There are 2 protein chains.
Amino acid sequence: MLFTGTHIHKLDRKGRVSVPKRFRAALEPEEFAGIYLYQSHKESALEGCSHSHMERIAASLDELDMFSDEADDLADTILGSSHMLPYDGEGRIILPAELIEFARIEDQVAFVGRGRTFRLWNPDIFKPLQEASRTRTLNRGATLKLKPVSELPKGARPGAPNEEDAS
Amino acid sequence: MLFTGTHIHKLDRKGRVSVPKRFRAALEPEEFAGIYLYQSHKESALEGCSHSHMERIAASLDELDMFSDEADDLADTILGSSHMLPYDGEGRIILPAELIEFARIEDQVAFVGRGRTFRLWNPDIFKPLQEASRTRTLNRGATLKLKPVSELPKGARPGAPNEEDAS
DNA sequence: TCAAATCCCATTGACCCCCATCATTTCCCA
DNA sequence: TGGGAAATGATGGGGGTCAATGGGATTTGA
């Protein structure tokens, strides 16, 4: 269950777009056949996730003091503004006009994997940003400290056939 | 069982409003075909929930000292002022005049999902507040610490590990 | 007996199902 | 290893269905 790679698909004139097969496969065992989308806080993009991830967010909010301002704000921003989008028979979703407008999407949509979640962009906006973050990363010489295998959840360990980044 | 998204429906001149299909579906397995509403203690909104959630509130009140002022107040505000509203044949409820007035609802009602519960608003009042929530969340750099999957309630977990990926 | 709540039916427009086509990729076999 | 065939994913579009809404008729309860 990992979203990887960038996939560009077409938004048709009915407002539909195919969810990449790879992403659908990653979501396969979900009870709800579809995805959730909500507006990104920082970017002109849409955040996407699975039903169980949304359940996780809700459960985590339950942990915060039920009456705290912070929980309120997060509930309004994430749960209140999210869209539950079921697939049609061909694995497409309908992008609500509100989200199309927010992400300034025109006739193409880029699905960008981010591990447990993914993002939707107007490809023309995403591309330069991606280049920029790439060079920043290189200049910084950033390194990622990997978690020991022993701390990984079962099923995510090497040995079992692992998907490869479709870069 | 998750309430998500914002759904704006019309209040007709008989005081009826359709409960969003998605919300009704989330409540499906409930014994009582309808919803509970009570006045929010912080906002000019109505809090909504299922029968079983109301049971949960009652149970939580039991835990508080039975004669404490706090328990008294909560019992009055929540249990005492809650309305049990059954659906009509088309999945609508009748919004009691008292609640319409409290939430300053006019001809439209926004159903806003908050995970285990939801809220009803006058859309014109809610919208700017939601915007404010967004910017606060952004400025605060709020991050939500996600609960480990292992602590999630049953049925909220991601599907069994995927042995094969459509390579 | 009147008012309010519930039932019932009609309308409409958005959404979803279905199928047809096109473009790739994969597979198979020479 | 190359070429062709088959499978699969992406795209386009028509039309039926159902959720949301409006309003009349009937029942209920004070």
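Below, chains carry the letters A, B, ... as their sequence lines are ordered, and counting in each starts from 1. All of these numbers come straight from a predicted model, not from anything done at the bench.
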Does B:D76 reach the main-chain N or O of B:G80 with its side chain, forming a donor-acceptor pair under 3.5 Å? no
Evaluate the salt bridge (Lys or Arg N to Asp or Glu O under 4.0 Å) criterion for residues B:R104 and B:D124: first the C-alpha distance (whole Å), next the side-chain angles of each, then the deciding distance (0.1 Å), finally the verdict. CA-CA 10 Å; B:R104 288 182 281 152; B:D124 297 334; over 6 Å; no
Which whole-number value in Å describes the distance from A:M84 CE to C:dC16 P? 11 Å
Specify whether B:F118 and B:F23 have parallel, tilted or perpendicular ring planes, treating 30° as the upper limit for parallel and 60° as the lower limit for perpendicular. tilted
Indicate yes or no: does B:R136 engage A:D72 in a salt bridge with an N to O separation below 4.0 Å. no
Could you tell me whether A:E55 and B:R116 have a side-chain N and a carboxylate O separated by less than 4.0 Å? yes
To the closest 0.5 Å, what do you measure between CG (A:N122) and NZ (A:K127)? 12.5 Å
Could you state the atom-to-atom distance from CD1 of A:I93 to P of C:dC15 in whole Å? 13 Å
How close or far is atom P of C:dT25 from atom NE2 of A:H7, stated in whole angstroms? 13 Å
Would you mind telling me which residue lines up with the more 5' stretch of DNA chain C, B:I94 or A:I94, judged by nearest nucleotide? B:I94
Give me the distances for all protein-to-nucleotides 26-30 of chain D N/O pairs that come in under 3.5 Å?
none

Any chance you could list the contact pattern along nucleotides 10-20 of chain D? Use B for base contacts, S for sugar-phosphate-only contacts and - for none, protein heavy atoms under 4.0 Å, 5' to 3'. SBBBB----SS
Gap between atoms CZ and C1', on A:F111 and D:dG9 respectively (whole Å): 14 Å
Quiz: residues 83-94 of chain A side-chain donor-acceptor pairs under 3.5 angstrom, not counting sequence neighbours:
residue : atom : partner : partner atom : Å
A:H83   : NE2  : A:E98   : OE1          : 3.2
A:D88   : OD1  : A:E90   : N            : 2.8
A:D88   : OD1  : A:G91   : N            : 3.2
A:D88   : OD1  : A:R92   : N            : 3.0
A:D88   : OD2  : A:R92   : NE           : 2.9
A:D88   : OD2  : A:R92   : NH2          : 3.3
A:E90   : OE1  : A:R92   : NH2          : 3.3

CD1 of B:I105 to CG of B:L11: how many Å apart, nearest 0.5 Å? 7.0 Å
